Chemist: 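Got a structure here, written out as structure tokens. Questions coming.
None of these values were measured; they are calculated from a predicted model. Keep in mind that the numbers below use all heavy atoms, side chains included, and drop hydrogens, waters and symmetry copies.
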Amino acid sequence: MKTVDLIRKKRDGEKLSREEIQFLIDGYVGGEIPDYQVSALLMAVYFKGMDDEETAILTDVMANSGTMLDLSKMKGFPVDKHSTGGVGDTTSLVLIPLLAAAGLTVAKLSGRSLGHTGGTIDKLESIPGFRTDLSREEFLSLVERTGLALADHTEDMVPADRLLYELRDVTSTVDSLPLIVSSIMSKKIAGGARGIVIDVKTGSGAFLKKLEDSRHLAQALVAIGVHLGRKISALITDMSQPLGHMVGNALEVREAIDTLQGHGPQDLEDLCCALGAELVLFSGELSDHSEATEHLRKLLHDGSALEKFVQMVKNQGGNPAVVDDLNLLPTASKQIEVPAPQTGIVANLDALSIGRAANLLGAGRFTKDDVIDPAVGIEVVRKVGEHVNKGEPLAILHVNSEANLEQAKSMVAQAYTISDKEVATPKLIVERVTGD
Ligand code: URA
Ligand code: CA
């Protein structure tokens, strides 16, 4: 087999076979096929696409390019959740313990923040002592004993995705549906989950802002999961405004603890229960959607999910006392209000601007090597549809330095549009995409 022939084949819109895809991925990961040939191939895929079968094969081959986790011996049904990334998207922090409380197995591999969206690893690391650099043995043993653990992605898993992603980034081939789908799904498949739910965000703070694009991605992810024998569904959810009230690492841990104590923001609780219900149904524990949702709501309100959270924090070296004393979390030195310029109803709260402003304050990274400040971020006081009087706070900036402060403040002020008319709250769960 010659790489140049396979590039030509894809250039001419033909379908690559499993053997051909295997040859290309093995060759690239093994260092035998050079970047310039894979760059040309990626551009051919960008223009000619791949059908579901071909994308499923690419996903499978990529997943198998490194270590695969085997969760088949675990007591509970192994599940995973993926979000395409949002602003103040605190769901994983709540869902991991919530799903474990429901008896499911959660071996969660997560990422750090990059760009305007946050990362679960950074958020949980704001708990003093919390470790995510677990060895594979330690990680799997925690999952086996307790039903949950969270660790950073390791280099030995899905090396094909890491290499391809870096190349896509510099060849303008990130925005290709089969490449996005295989990138996301290869990591889920390698992680060993049998049941997967995808939270595809839509709106200004999302990776895909238009509903139609989010829908295409959701359908493609579900189709590939089904092809590979997984139970999978996707919820398309609103990211036109931030989720919950907190945006920032320790701030989101506070919000997650509030939610695990049964008094978190309604949208965050509703989304966690809805995403979790999909997985409870896949596990076969319950068969009715609203019953599954209410079961999870009960576990949030009776302390069961909080108990699993405390167990996870303790097992991963964190201080579990944070649950009773939120002031043990990193706290910013100053809180600065952004006042409403007029009385009215919030008509728009642009998630992307809030995410960028939180980044400017130091909550996120602009490049991989930036160091984040766990304490800083933005507390969104008023959300879309809510009334505010002139001079009352729309948002509160939690800051530790004057750097970028004025810019962040004006960005937050401009993220808000105040109207004198009634405005409906945006629908949180826009669509559900299932594999049937
Ligand atoms: N997220 C991923 O993991 N991969 C992509 O290609 C895009 C988003
Ligand atoms: Ca939040």
Chemist: If you look only at distance, which donor and acceptor atoms sit under 3.5 Å apart when one is on a side chain in residues 95-104 and the other is two or more places apart or in another chain?
Modeler:
none

Chemist: How close do D267 and G244 get, heavy atom to heavy atom, and via which atoms?
Modeler: OD2-N, 3.0 Å
Chemist: Do you see a donor-acceptor pair shorter than 3.5 Å between the side chains of K81 and T91?
Modeler: yes
Chemist: Can you name the closest pair of heavy atoms from V384 and A347 and give their distance?
Modeler: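 V384 and A347 have their closest heavy atoms at CG1-O, 3.8 Å.
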Chemist: If the condition is side-chain hydrogen bond (donor to acceptor under 3.5 Å, both in side chains), which residues does E255 pass it with, not counting sequence neighbours?
Modeler: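 In terms of side-chain hydrogen bond (donor to acceptor under 3.5 Å, both in side chains), with neighbours along the sequence ignored, E255 is linked to T90.
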Chemist: Atom SG of C272 and atom CG of L268: how far apart are they, to the nearest 0.5 Å?
Modeler: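 If we round to the nearest 0.5 Å, C272:SG and L268:CG are 4.5 Å apart.
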Chemist: Working to the nearest 0.5 Å, report the span between CD of E138 and CG of L142.
Modeler: 6.0 Å
Chemist: So how far is it from I345 CD1 to D420 CG, rounded to the nearest 0.5 Å?
Modeler: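 Spacing of CD1 (I345) from CG (D420) equals 9.0 Å.
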Chemist: Does the salt bridge (charged side-chain N to carboxylate O under 4.0 Å, His left out) test come out yes or no for E144 and K75, once each step is laid out?
Modeler: CA-CA 7 Å; E144 194 172 356; K75 280 192 291 288; over 6 Å; no
Chemist: Closest heavy-atom contact between F366 and D370?
Modeler: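 That closest heavy-atom pairing would be N-OD2, 2.8 Å.
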Chemist: Salt bridge between K108 and D80, side-chain N to carboxylate O under 4.0 Å?
Modeler: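 Here K108 pairs with D80 in a salt bridge, since their nearest N and O are under 4.0 Å apart.
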Chemist: Can a side-chain donor-acceptor contact be found between D152 and T154 if the only test is distance below 3.5 angstrom?
Modeler: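 Judged by distance alone, the side chains do not pair up.
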Chemist: Applying salt bridge (charged side-chain N to carboxylate O under 4.0 Å, His left out), name anything that partners R194, two or more places apart in sequence or on another chain.
Modeler: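 Salt bridge (charged side-chain N to carboxylate O under 4.0 Å, His left out) list for R194, sorted by chain: empty.
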Chemist: Does one side chain, of S186 or D161, offer a donor that lies under 3.5 Å from an acceptor on the other?
Modeler: no
Chemist: Closer than 3.5 angstrom, by distance alone: can the side chain of S65 be matched with the main-chain N or O of A160 as a donor-acceptor pair?
Modeler: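 Yes, because the side chain of S65 sits within donor-acceptor range (under 3.5 Å) of the backbone of A160.
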Chemist: Within a radius of less than 6.0 Å around NZ of K314, do more than 12 heavy atoms belonging to other residues, nucleotides or ligands occur?
Modeler: no
Chemist: If we only count heavy atoms from C-beta on, is the V45 to L179 side-chain gap below 4.5 Å?
Modeler: yes
Chemist: Among residues at least two apart in sequence or on other chains, which ones pass side-chain hydrogen bond (donor to acceptor under 3.5 Å, both in side chains) with Y46?
Modeler: none
Chemist: Look at E294 together with R297 and state whether they make a salt bridge at an N to O cut-off of under 4.0 Å.
Modeler: yes
Chemist: Any side-chain heavy atom of L361 within less than 4.5 Å of one from N404?
Modeler: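 Result no, sub-4.5 Å side-chain heavy-atom pair not found.
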Chemist: With side chain to side chain contact (heavy atoms under 4.5 Å, CB included) as the criterion, how do K201 and S83 come out once you've worked through the C-alpha distance, each side chain's angles and the decisive distance to 0.1 Å?
Modeler: CA-CA 7 Å; K201 306 286 189 189; S83 160; 3.6 Å; yes
Chemist: Under a 4.5 Å cut-off applied to non-hydrogen side-chain atoms, are I198 and I232 in contact?
Modeler: yes
Chemist: Just do the side chain to side chain donor-acceptor pair (under 3.5 Å) check on E269 and H301 with the steps written out, would you?
Modeler: CA-CA 10 Å; E269 175 178 314; H301 288 262; 3.1 Å; yes
Chemist: List the atom pairs, with distances to 0.1 Å, where a side-chain N or O of residues 169-176 and a protein N or O form a donor-acceptor pair under 3.5 Å, not counting sequence neighbours.
Modeler:
| unit_1 | atom_1 | unit_2 | atom_2 | d |
| --- | --- | --- | --- | --- |
| T171 | OG1 | L167 | O | 2.7 |
| T171 | OG1 | T173 | OG1 | 2.8 |

Chemist: Taking the side chain as everything from C-beta on, heavy atoms only, tell me whether D122 gets closer than 4.5 Å to R365.
Modeler: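 In short, these two side chains touch, coming nearer than 4.5 Å.
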Chemist: Report the residues that fulfil salt bridge (charged side-chain N to carboxylate O under 4.0 Å, His left out) with K308, sequence neighbours left out, ordered by chain and then residue number.
Modeler: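 For K308 there are no salt bridge (charged side-chain N to carboxylate O under 4.0 Å, His left out) partners, ignoring immediate neighbours.
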Chemist: Under a 4.5 Å cut-off applied to non-hydrogen side-chain atoms, are L148 and V143 in contact?
Modeler: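 Side-chain contact under 4.5 Å: no.
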Chemist: Would you check if R382 and E392 make a side-chain contact, meaning some heavy-atom pair closer than 4.5 Å?
Modeler: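 The answer is yes; the side chains approach within 4.5 Å.
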Chemist: Once side-chain contact (heavy atoms from CB on, under 4.5 Å) is applied, do any residues pair with D258, and if so which ones, sequence neighbours excluded?
Modeler: Q261, H263, L326
Chemist: Regarding D373 and N400, is there a side-chain donor-to-acceptor distance under 3.5 Å anywhere?
Modeler: yes
Chemist: Please list all pairs passing the side-chain hydrogen bond (donor to acceptor under 3.5 Å, both in side chains) test where one or both residues lie in residues 353-363, with sequence neighbours left out.
Modeler: D350-S353
Chemist: Just one of I236, V430, V200, L208 clears the side-chain contact (heavy atoms from CB on, under 4.5 Å) bar with R215, so which one?
Modeler: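 That would be I236.
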Chemist: Taking all heavy atoms of S233 and all of E278, pick out the closest pair and write down the distance.
Modeler: OG-OE1, 2.7 Å
Chemist: Specify the closest pair of heavy atoms between I418 and G344, including all atoms of both residues, with the distance to one decimal.
Modeler: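 That closest heavy-atom pairing would be CG2-CA, 3.6 Å.
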Chemist: Heavy-atom count check: over 12 atoms from other residues, nucleotides or ligands less than 6.0 Å from K231 NZ?
Modeler: no
Chemist: Within this structure, what is the CG-OG distance for the pair L124 and S126, rounded to the nearest 0.5 Å?
Modeler: 7.0 Å
Chemist: Return yes if some donor-acceptor pair links the side-chain N/O of K209 with the main-chain N/O of A206 below 3.5 Å, else return no.
Modeler: yes
Chemist: Distance check, rounded to the nearest 0.5 Å: T237 atom OG1 versus I429 atom CD1?
Modeler: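 Interatomic distance, T237 OG1 to I429 CD1, rounded to 0.5 Å: 7.5 Å.
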Chemist: For K409, is the NZ atom crowded, meaning more than 12 foreign heavy atoms sit under 6.0 Å from it?
Modeler: no
Chemist: With no hydrogens and no angle check, do the side chains of S214 and T202 hold a donor and an acceptor under 3.5 Å apart?
Modeler: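 On atom types as modelled, these side chains qualify, holding a pair under 3.5 Å.
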Chemist: Run the side chain to side chain contact (heavy atoms under 4.5 Å, CB included) check on I127 and L329 step by step: do they pass?
Modeler: CA-CA 6 Å; I127 299 172; L329 290 166; 4.0 Å; yes
Chemist: Would you compute the distance between atom CD1 of I257 and atom CZ of F309 and round it to the nearest 0.5 angstrom?
Modeler: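 Spacing of CD1 (I257) from CZ (F309) equals 4.5 Å.
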Chemist: For D302, check salt bridge (charged side-chain N to carboxylate O under 4.0 Å, His left out) against everything at least two apart and list the hits.
Modeler: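 Here the qualifying residues are K298.
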Chemist: Evaluate the side-chain proximity of L93 to K123: yes if any heavy-atom separation is below 4.5 Å, no if none is.
Modeler: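 Touching, per the 4.5 Å side-chain cut-off.
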Chemist: Output, in order, the C-alpha distance, side-chain angles, deciding distance and verdict of side chain to side chain contact (heavy atoms under 4.5 Å, CB included) for T59 and L228.
Modeler: CA-CA 9 Å; T59 305; L228 295 174; 3.7 Å; yes
Chemist: Might you point out which heavy atoms bring T105 and G76 nearest each other, and give the distance in Å?
Modeler: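 Heavy-atom minimum between the residues: OG1-O, 2.9 Å.
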Chemist: Determine whether F130 and V313 make a side-chain contact, defined as any pair of heavy atoms from C-beta on separated by less than 4.5 Å.
Modeler: yes
Chemist: Go through the side-chain N and O atoms of D52 and T55 and say whether any donor and acceptor fall under 3.5 Å apart.
Modeler: no
Chemist: Let me see the working for N64 and I189 under side chain to side chain contact (heavy atoms under 4.5 Å, CB included), right down to the final yes or no.
Modeler: CA-CA 9 Å; N64 279 279; I189 301 293; 5.8 Å; no
Chemist: For L163, check side-chain contact (heavy atoms from CB on, under 4.5 Å) against everything at least two apart and list the hits.
Modeler: Y28, V29
Chemist: Under the salt bridge (charged side-chain N to carboxylate O under 4.0 Å, His left out) test, which residues partner D35, sequence neighbours left out?
Modeler: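 Counting only residues at least two positions away or on another chain, D35 forms no salt bridge (charged side-chain N to carboxylate O under 4.0 Å, His left out).
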Chemist: Pairs of donor and acceptor atoms involving the side chains of residues 216-227, under 3.5 Å and at least two apart or interchain, shall be tabulated with distances.
Modeler:
| unit_1 | atom_1 | unit_2 | atom_2 | d |
| --- | --- | --- | --- | --- |
| H216 | ND1 | E212 | O | 3.4 |

